[in-house]
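Comments concern the structure below.
Proteins come first, then strands; the chains are lettered A, B, ... in the order of their sequence lines, and each starts at number 1.
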Amino acid sequence: MSISGYLISEPTMSSVRVRFAPSPTGFFHIGSARTALFNWLYARHTGGTFILRIEDTDQARNSEAYLKLIYDSLTWLGLDWDEGPNPNGVGERGNFGPYRQSQRAAIYHKYKQQLLANGRAYEKDGAVWFKLLGERYKVFDDHRKKEVEKVKTAPVVIADRIRGRVERQEDEDFVIFRSDGNPVFHFVNVVDDIEMKVSHIIRGEDHLSNTSKHVRLYEGIGVTPPVFAHIPLILKAPEMGQGKMSKRDKGALIEEYQQRHFLPEALVNYLALLGWNPGDDREKMPLAEIVQLFDLPAVNQSNAKFDGRKLAHMNMVYLLEQPAEKFMALASEYFAKQPNGAAIMANEAYFREIMLLAQPKIKSIDELGAYTVYFFTDDFPTDPKVKEKIMAKGDPKARLAELIAALPAMAFSTDAAIEAGIKALAEGMGLGFGDYQAVARLAVSGTNAGPSITSIFRVLGKERSLARLQRFMAG
RNA sequence: GCCCCUAUCGUCUAGCGGCUAGGACAGCGGCUUCUCAAGCCGUUAACCCGGGUUCGAUUCCCGGUGGGGGCACCA
């Protein structure tokens, strides 16, 4: 039963059981997130069950910190799981546990014994090998530069929900238990999927070549394989080089977006569109709509390159529509982490006013600090390029002097009043509002980007504005 | 080297035998305007190549080429 409420197409609980099976050996990256998402979407779309299984058999590389990162990242993305360890890491839920492979040794041992007993496995060099059925012959392997024993077998036919029919030859016995007594990935993966009654295996295309091994394992154990669905991989952005995206690439880690206060719903929306589409031009969609429309056959077969700019755009679109209260919460969360955040947020009304002025202008929350500095300190930076440009046009010093002379008598209560004041001054001089705007903005904010100059003046107040104009005039 | 997957603008993609090949991001131009964004309008830009099949191929088939992945006592 879903705990997130997306039970759309199936009135009753379906038999679909999917799993996301990460190993806690590294940072949680974009590719993992999308695999998790597609599994989650399929579970919610069908009213099935989404299982989180932790593949932590690699003691050397495992870490509790990475384990926590898996829970936190999935939770942040909103991908809740029905079975698996609890999100806080304490205890677990579901009737097919334990959900951490490190605790399932007895189960693997049992299956190993079964294969040994029915002749589908044998021991050699201290390891346990899975035995293929067929005529044996020896051949020299160019790649591994040694002689290997091959087996003439019937080809494995994989009916893939995304790829269609895929045929592959599996012609070599392979290890299922290492000589150190530990089972290998292929084996535990298959055993767990059998034990957990997984109905659909949705995973990256990098596993497609492994699938023939897995199918043979299912056959050897005497179980019908589940449905496979191999999703395309996420490749590096063109400027990042070639190949599939790795944790080393810029923008590859979920943690980064979390730290930059991206909206998880924007990231999820973007990720859903990487390899899937609703069949029409819709792009920005509420999650419920994606859940409703998502299906396996609609998933693309070719790899997709990651585009951080489109993600940023998606984030902006979501940011734009956030209600004021939500935006304030995000802004507060962000500033709380900044070194001078407490001081910045000290005056609540002042802080709020500035944040809401910035909301429609920024692409992501982490731009807020730089975008609003000059509201919180007189010691703000000035963009030299912008300064050069503005000072080169017309006679900005003269305009500034006129503005300084006029300001004391100007009404400062509202944007409209300030606008009227500056316009009156401009008209008197036979000039336009724009002749004063640029230099005033530069003097008061150090840049050419920001809210309207009237809003800046009003929020800063007459005294502070005037002081900055004078300081700039002097400097 | 062997095996598998794949191929439409720079990028994400729509297309499922006949279309002026559509949308989005990015780019460019304009409108708006006090700047910067946003918004609106416009615009540059694609069917990898060669054979078939067909009255007709971006679409179906085959072969190349390009891209990706896999070939362990890693996961």
Seminar exercise, completed: Residues of residues 420-444 of chain A with a heavy atom under 4.0 Å from any atom of RNA chain B, listed by number, are Phe433(A), Gln437(A), Arg441(A)
Exercise. Among residues 121-128 of chain A, which residues get a heavy atom nearer than 4.0 Å to RNA chain B?
Worked result: Asp125(A), Ala127(A)
For this session: Between Leu274(A) and Asp281(A), name the one whose nearest nucleotide on RNA chain B is closer to the 5' end.
Result: Leu274(A)
Exercise. Does the distance from a Lys or Arg side-chain N to an Asp or Glu carboxylate O, for Lys138(A) and Glu147(A), drop under 4.0 Å?
Worked result: no
Exercise. Got a salt bridge between Lys423(A) and Glu427(A), using NZ or NE/NH1/NH2 to carboxylate O under 4.0 Å?
Worked result: no
Does [X] qualify as a cation-pi partner of [Y], given the criterion of NZ or CZ under 6.0 Å from the six-membered ring centre and within 45 degrees of its axis?
| X | Y | result |
| --- | --- | --- |
| Lys213(A) | Phe174(A) | yes |
| Arg34(A) | Phe38(A) | yes |
| Lys284(A) | Tyr318(A) | yes |
| Lys112(A) | Phe177(A) | yes |

Between [M] and [N], how far apart are the [atom1] atoms? Round to whole Å, please.
| N | M | atom1 | answer |
| --- | --- | --- | --- |
| rU43(B) | rC48(B) | C1' | 26 Å |
| rG15(B) | rC41(B) | C1' | 27 Å |
| rC16(B) | rG22(B) | P | 14 Å |

What is the distance from [atom1] of [X] to [atom2] of [N], rounded to the nearest Å?
| X | N | atom1 | atom2 | result |
| --- | --- | --- | --- | --- |
| Phe20(A) | rA75(B) | CZ | C1' | 12 Å |
| Leu235(A) | rG69(B) | CG | C1' | 10 Å |
| His214(A) | rA75(B) | NE2 | C1' | 10 Å |

With both distances under 3.5 angstrom, what nucleotide forms a Watson-Crick or G-U wobble pair with [N]?
| N | answer |
| --- | --- |
| rC2(B) | rG70(B) |
| rC31(B) | rG39(B) |
| rC48(B) | rG64(B) |

Problem set entry | Proximity to the side chain of Ser302(A) - top-ranked nucleotide from rA7(B), rG10(B), rC36(B) | rA7(B)
Exercise. How many angstroms lie between atom CD1 of Ile30(A) and atom CD1 of Ile254(A), to the nearest 0.5 angstrom?
Worked result: 4.0 Å
